[in-house]
Amino acid sequence: MKQFREALRMVVSPDDPREHLVNFVKIGEGSTGIVCTATDRSTGRVVAVKKMNLHKQQRRELLFNEVVIMRDYPHHNIVEMYASYLVEEELWVVMEYLEGGALTDIVTHSRMDENQIATVCQQCLKALNFLHSQGVIHRDIKTDSILLANDGRVKLSDFGFCAQVCPDVQKRKSLVGTPYWMAPEVISRLPYGPEVDIWSLGIMVIEMVDGEPPFFNEPPLQAMRRIRDMPPPKLKNNHKL
C-alpha cells in the first residue's frame, strides 16, 4: 500500500484541496467511490469531485487510469480534469461539473428520438476516435459513462478501465467492463483491440432505444454467456424507428 501511495503521489498535486473547496454535496455513487459537487472558493466555480477510497479498490492500478487518461488526453468530448489529490486515504479527482448528469437518467425516464440518439453517438464517436488514435481503449462504454452539459455537449467519463495498446502490444485480453455492454471477445478472453468500444456503443444505442441493454433482466454471468454464444442482439422496439 505504501508503494502504491508513493506511486500515486507522483501523478497528483501535492496541495490539500480542502483549503479551497467548500460546500460538498454528494450527487452520486459508483463502484469505485462517491461523486460530490463542491465550490472552488477562489473562482466561485462549481466542480465535481470524485472521491475514491484507496483501500476499497479491487484493482488499485485502475486509479492511475482515472487520473492519467484525463490529464494526458484532453478533448472537447472528454470530461475535463482540473486536478487530482491524495487526501488521507482517498484519491480525489476534481473535474468539470456537467449539470445534465449521466445519460442513464434520460434513458431510464424518457425516450430519446433518433436525432438525439444520433447526436449522442456522433459526440461519443469523436471522443472514441480521438482515444483510439492515441492507442487508448475505453472498455466501459455505457450510458453511465456519458455525461451531458446543459448546452447539449456530450462528454465521455469514467476512465478506470482504459487500456493502452501500442505497436508492440496491439491487443488486450483482460476481462474488464460492465457485463451487459461487454463485447463477446472480451468475455471469451480472446485478443481484442479498440473495436470492443464500438460493440459497447452499439449496445448503448439499444439502451437508448429500448431503455435498457439486452439481457438486463438476467444475472450478469448468464447474460455474459448469452452475449458470447448468441448472434449480436437486435432492438426490441425497432417498429418505433
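This one's a predicted model, so the numbers in the text were calculated from it and none came from an experiment.
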Scanning both residues in full, the closest heavy-atom pair of P233 with I206 reads O-CD1, 3.9 Å
Between V46 and E99, is any pair of side-chain heavy atoms under 4.5 Å apart? no
Check: D210 side chain, K236 main-chain N or O, donor-acceptor pair, under 3.5 Å: yes
Considering only heavy atoms from C-beta outward, does the side chain of V136 approach that of F130 to under 4.5 Å? no
State whether the side chain of S13 and the backbone N or O of S84 hold a donor-acceptor pair below 3.5 Å, judged by distance alone. no
Let me check something: do M230 and M182 share a hydrophobic cluster, defined by ILVMFWY side-chain heavy atoms less than 4.5 Å apart, either directly or through other members? yes
Do W92 and Y82 have their ring centres less than 6.0 Å from each other? no
Please tell me if the side chains of P219 and Q222 come closer than 4.5 Å, counting only heavy atoms from C-beta onward. yes
Can any side-chain N or O of Q123 pair as donor or acceptor with the backbone N or O of V120 at less than 3.5 Å? no
How are the rings of F216 and W181 set to each other: parallel, tilted or perpendicular (split at 30° and 60°)? perpendicular
Can K142 and E207 be said to form a salt bridge (charged side-chain N to carboxylate O under 4.0 Å, His left out), step by step? CA-CA 8 Å; K142 54 183 178 177; E207 198 187 354; over 6 Å; no
Taking the side chain from R41 and the backbone from E19, do they hold a donor-acceptor pair closer than 3.5 Å? yes
Out of R5, K56, K51, which one pairs with E89 under the salt bridge (charged side-chain N to carboxylate O under 4.0 Å, His left out) rule? R5
Judged by atom type as modelled, is there a donor-acceptor pair below 3.5 Å linking the side chain of D15 to the main-chain atoms of P17? no
So does I141 get a backbone contact from the side chain of S145, meaning a donor-acceptor N/O pair under 3.5 Å? no
How close do F159 and N65 get, counting heavy atoms only, and between which atoms? O-CB, 3.1 Å
Using a 4.5 Å cut-off on heavy atoms from C-beta on, say whether the side chain of P14 contacts that of Y85. no
Identify whether NZ of Lys or CZ of Arg in R225 sits under 6.0 Å from the centre of the six-membered ring of F215 and within 45° of that ring's axis. no
Short side-chain donor-acceptor distance under 3.5 Å, E90 and N53: no
Do F4 and V68 land in one hydrophobic cluster if side-chain heavy atoms of ILVMFWY residues count as linked below 4.5 Å? yes
Closer than 3.5 angstrom, by distance alone: can the side chain of N77 be matched with the main-chain N or O of V154 as a donor-acceptor pair? yes
List the atom of F24, the atom of C36, and the distance in Å for their closest heavy-atom pair. CD2-CB, 4.1 Å
Heavy-atom check, side chain of L98 versus side chain of N150, under 4.5 Å: no
Would you mind checking if K155 and E96 are paired as a salt bridge, meaning a charged N to carboxylate O distance below 4.0 Å? yes
Does the side chain to side chain contact (heavy atoms under 4.5 Å, CB included) test come out yes or no for S157 and M95, once each step is laid out? CA-CA 10 Å; S157 72; M95 49 198 160; 5.9 Å; no
Within-4.5 Å side-chain heavy-atom neighbours: L54 and L86: yes
Any donor-acceptor pair under 3.5 Å linking the side chain of T43 with the backbone of R45? yes
Nearest atoms (heavy-atom pairs only) where L62 meets G160: CD2-O, 3.1 Å
Does a side-chain heavy-atom distance below 4.5 Å link L156 with L131? yes
If you draw a 6.0 Å radius around CD in E6, do more than 12 non-hydrogen atoms from other residues or ligands fall strictly inside? yes
Measuring centre to centre across the rings, with the benzene-like ring taken for any Trp, is F161 within less than 6.0 Å of H138? no
